[in-house]
Each structure stands twice: as C-alpha cells, then as structure tokens.
Enquirer: 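Take a look at this one; I'll ask things after.
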Amino acid sequence: MKQYIVDAFTDKPFAGNPAAICIMESWPSKEFMMKLAMENNLSETAFVVKEPEGYHLRWFTPGTEVDVCGHATLAAAYVVLNYYEKDSAEVTFDTLSGKLKVVREGDQYVMDFPTYDLTEIPVTDLMAEAFGDRPIKALLGKDLVCVFESDFIIRTMKPNLMLLEKLPGRVQNATARGSETDCVSRSFCPILSIPEDPVCGSGHIQIASYWAEVLGKKEISGYQASRRGGYTQCELLDNKRMALKGKAHLFAVSEIMVEI
C-alpha cells in the first residue's frame, strides 16, 4: 500500500502536524492498522478506502482508534485531491463522525465539522498542578479547554502528563488570547498515547467556539504554540457546524512492505 506523510496546518516541511495517510484497495484488520499506527508513532495514522458509495476514512493514534481528527482529515483530503481525484475540488469522507466534506480553495483546504457544546466547570487544584499554572476558566465538551491569562503562559507551559491524564476530556487544551492571532493554544493527549499534539484540529473546533463567543466574532484565527507550530482558521457556520481551514505540505511518499 502507498503511505503519504503530510504536514498539516502549515505550508512548509518540519512544521504543523504530521499525519500518515494510507491509501488502500480494501480494509486490513484493525490489529494491522493499530500496529502500523504504533510503528509510525505519529499523533495520527489515517486509512482511506474508496468504496462504492465514496471514500471511507478511519483514524488511529499510537494507542487507539478515534472518532474524529482534524489534521489527518486535512492531510487525507490533500492526498486524495492531489493524487487520486485531481480533477475534483472536494471530497467527502464517511467516518465515525458522519460525513465530513473537504473543499480545496486555492492552497487551503476547508473542512466542515460538527461543533461541540461546552459547559463551564469549576477550576480545580489538580488542573493548576497538572498544567503548572492556574486556569482562569475551564470548559468541558468532547475535550477539556482551560483558559489562561496570557499567551506567555501557554508558550512556556511544561505540564505534568501523568496528572493531565487524571483530568476530564479526551484532550486537555490550554488556550489564551493571542497577540498576532485571536488565540494561542496547546493540546495534550496522554490518554491517547500522544504527549502533545502539534496542531489539534478537533481541539481547535472547541477552542474557536469559546473565543468566537468571547470576542463576538464568527471567524477565529489560531496559532498552536507547540515546538512545530501551526496555524488554523475557523469560521462558525449554521446548524452547529464549523469550517476549519488550513494548508498542507507533502513530506514523503513510501510503500509499506509488510503483508496486510
């Protein structure tokens, strides 16, 4: 099978969030996909099969299969639209989160994702100890979103991953108001065997939802302040949907040489 390594949410190599995209004619076993995700040891390995009704997409971290992933969806759309459906400007994936459409607009890829309701929860001492600084607000949706006083706190944060794993949510996101973008954030996923996600698309959907309400804006620009760094653009749509926009850069193409 062909495997593409694509850096998502960036237009240059060695930045953004790398994802492995495997294009296959039929589905291997879940055990094989899990082992390949562990072998790649990236935050996400995605598997794509073209079925009679369209493209089917599944996502695996080194620890488990997940039901949504933004950066690997962007990377998968980049591969499909540049190497398999060159005459098309959009692709729709059938996923565990339903139908996800991605449209190519110039050098950007626009994904249509569902949003998640965020409920404010009490800030706890465990949160402060886990992040290394006390949040000024905490919200819980699919993931945990903790808001801090400054982007300096976000950029210099050195969290305790063992304590983060005890906090609620699939991903623990830290965010603050940005100086060059609307917000700055980082995303930690120890429960998924990912210490830090370089640029978390699904996390940004929740982060952008919060800042859109706070700032009274429908469009939110974000910067993920991981070591690799990456930029996102989010736009609130109708019916609890959000457009998540980003660029992508091809890093490598390889062939998997083991039997499926």
Side-chain angles (χ1 to χ4, degrees), residues 1-11 13 16-28 33 36-37 40 42-61 65-116 197-205 208 219 230-256 260:
M1 80 173 73
K2 286 271 190 187
Q3 179 172 269
Y4 301 76
I5 305 296
V6 178
D7 292 335
F9 296 116
T10 182
D11 59 358
N17 199 351
I21 308 300
C22 298
I23 306 295
M24 308 170 299
E25 294 183 357
S26 60
W27 290 107
M33 291 187 284
L36 184 56
N40 286 330
L42 299 172
S43 58
E44 219 76 41
T45 296
F47 298 87
V48 180
V49 172
K50 188 174 184 180
E51 299 176 338
E53 64 273 16
Y55 284 96
H56 194 145
L57 171 64
R58 295 172 69 179
W59 309 280
F60 287 78
T61 75
E65 183 174 10
V66 296
D67 60 1
V68 66
C69 177
H71 85 279
T73 302
L74 191 161
Y78 174 92
V79 171
V80 170
L81 294 177
N82 283 282
Y83 296 95
Y84 295 87
E85 306 289 344
K86 296 181 181 180
D87 295 330
S88 296
E90 65 180 58
V91 60
T92 298
F93 295 111
D94 185 18
T95 76
L96 288 176
S97 290
K99 300 288 186 180
L100 298 179
K101 184 171 75 171
V102 187
V103 178
R104 176 167 50 191
E105 294 183 356
D107 61 353
Q108 284 206 115
Y109 295 82
V110 183
M111 299 172 281
D112 184 345
F113 275 96
T115 59
Y116 304 96
D197 199 15
V199 189
C200 186
S202 59
H204 262 93
I205 292 171
E219 296 188 24
Y231 292 90
T232 63
Q233 292 285 336
C234 296
E235 181 182 357
L236 280 176
L237 306 173
D238 296 330
N239 300 322
K240 293 188 175 183
R241 307 286 296 186
M242 179 173 288
L244 176 61
K245 307 174 185 180
K247 299 179 181 181
H249 191 283
L250 181 67
F251 181 77
V253 182
S254 62
E255 292 184 5
I256 303 301
I260 298 176

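All values below come from the heavy atoms of this structure, side chains included, with hydrogens, waters and symmetry mates left out. What you are looking at is a predicted structure, and each value in this text was computed from that prediction instead of being measured.
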Enquirer: Grab the two heavy atoms, one from Asn82 and one from Lys86, that are nearest each other, plus how far apart they are.
Expert: O-CE, 3.3 Å
Enquirer: In Å and rounded to the nearest 0.5 Å, what is the CG to OG1 distance from Asn239 to Thr115?
Expert: 9.5 Å
Enquirer: Start with the C-alpha distance between Met111 and Phe93, add both sets of side-chain angles, then the distance that settles side chain to side chain contact (heavy atoms under 4.5 Å, CB included), and finish with yes or no.
Expert: CA-CA 11 Å; Met111 299 172 281; Phe93 295 111; over 6 Å; no
Enquirer: Can you tell me if Trp59 and Thr73 form a side-chain donor-acceptor pair at under 3.5 Å?
Expert: yes
Enquirer: Between Tyr4 and Tyr83, is the ring centroid distance below 6.0 Å?
Expert: yes
Enquirer: Minimum heavy-atom separation for Leu236 to Met242, with atom names?
Expert: CD2-CE, 3.2 Å
Enquirer: When rounded to the nearest 0.5 angstrom, what distance separates CD in Glu65 from CZ in Phe47?
Expert: 9.5 Å
Enquirer: So, for Ala76 and Leu57, which heavy atoms are closest and what is the spacing to 0.1 Å?
Expert: CB-CD1, 4.1 Å
Enquirer: For the atom pair CG (Leu36) and SG (Cys22), what is the distance rounded to the nearest 0.5 Å?
Expert: 5.0 Å
Enquirer: Between Arg104 (side chain only) and Ser88 (backbone N and O only), is there a donor and an acceptor less than 3.5 Å apart?
Expert: yes
Enquirer: Show, in sequence, the C-alpha distance, side-chain angles and deciding distance for Phe9 and Leu244, and conclude whether the side chain to side chain contact (heavy atoms under 4.5 Å, CB included) test is met.
Expert: CA-CA 10 Å; Phe9 296 116; Leu244 176 61; 4.0 Å; yes
Enquirer: Shortest non-hydrogen contact from Ala248 to Val6?
Expert: CB-CG1, 3.8 Å
Enquirer: Salt bridge or not for Arg241 and Asp112, using N-O below 4.0 Å?
Expert: yes
Enquirer: Tell me whether Ser97 contacts the main-chain N or O of Asp67 through its side chain, where contact means a donor paired with an acceptor under 3.5 Å.
Expert: yes
Enquirer: Could you pull out all residues at least two apart from Ala19 that satisfy side chain to side chain contact (heavy atoms under 4.5 Å, CB included)?
Expert: Ile21, His71, Ala72, Ala75
Enquirer: Is there side-chain contact between His249 and Asp11, with at least one heavy-atom pair below 4.5 Å?
Expert: no
Enquirer: Find out whether Tyr84 and Val48 are in side-chain contact, i.e. whether some heavy atom of one side chain is under 4.5 Å from a heavy atom of the other.
Expert: no
Enquirer: Indicate yes or no for a side-chain donor-acceptor contact from Thr10 to the backbone of Gly230 under 3.5 Å, with no hydrogens or angles considered.
Expert: no
Enquirer: Find the distance between CZ (Arg58) and CG (Leu96) and round it off to the nearest 0.5 Å.
Expert: 7.0 Å
Enquirer: I'd like to know whether CZ of Phe251 has more than 12 heavy-atom contacts from other residues, nucleotides or ligands below 6.0 angstrom.
Expert: no
Enquirer: Restricting to side chain to side chain contact (heavy atoms under 4.5 Å, CB included), what partner residues turn up for Glu25, sequence neighbours left out?
Expert: none
Enquirer: After noting the C-alpha distance and the side-chain angles of Lys2 and Val79, does the key distance pass the side chain to side chain contact (heavy atoms under 4.5 Å, CB included) rule?
Expert: CA-CA 11 Å; Lys2 286 271 190 187; Val79 171; over 6 Å; no
Enquirer: What are the two closest non-hydrogen atoms of Ala8 and Leu74, and how far apart are they?
Expert: CB-CD2, 4.2 Å
Enquirer: Any idea which heavy atoms bring Asn40 and Ala20 closest together, and the distance?
Expert: ND2-CB, 3.6 Å
Enquirer: Kindly compute the distance separating CG (Asn17) from CG (Asp197), expressed to the nearest 0.5 Å.
Expert: 4.5 Å
Enquirer: Output the distance between atom SG (Cys234) and atom CD (Glu219), rounded to the nearest 0.5 Å.
Expert: 10.0 Å
Enquirer: Among Leu100, Val80, Ile23, Val49, find the residue that satisfies the side chain to side chain contact (heavy atoms under 4.5 Å, CB included) test when tested with Tyr55.
Expert: Val80
Enquirer: If you apply the rule side chain to side chain contact (heavy atoms under 4.5 Å, CB included), what do you find for Lys99 with Asp94, and how did you get there?
Expert: CA-CA 5 Å; Lys99 300 288 186 180; Asp94 185 18; 3.9 Å; yes
Enquirer: Can you check whether Phe113 reaches His204 side chain to side chain, under 4.5 Å on heavy atoms?
Expert: no
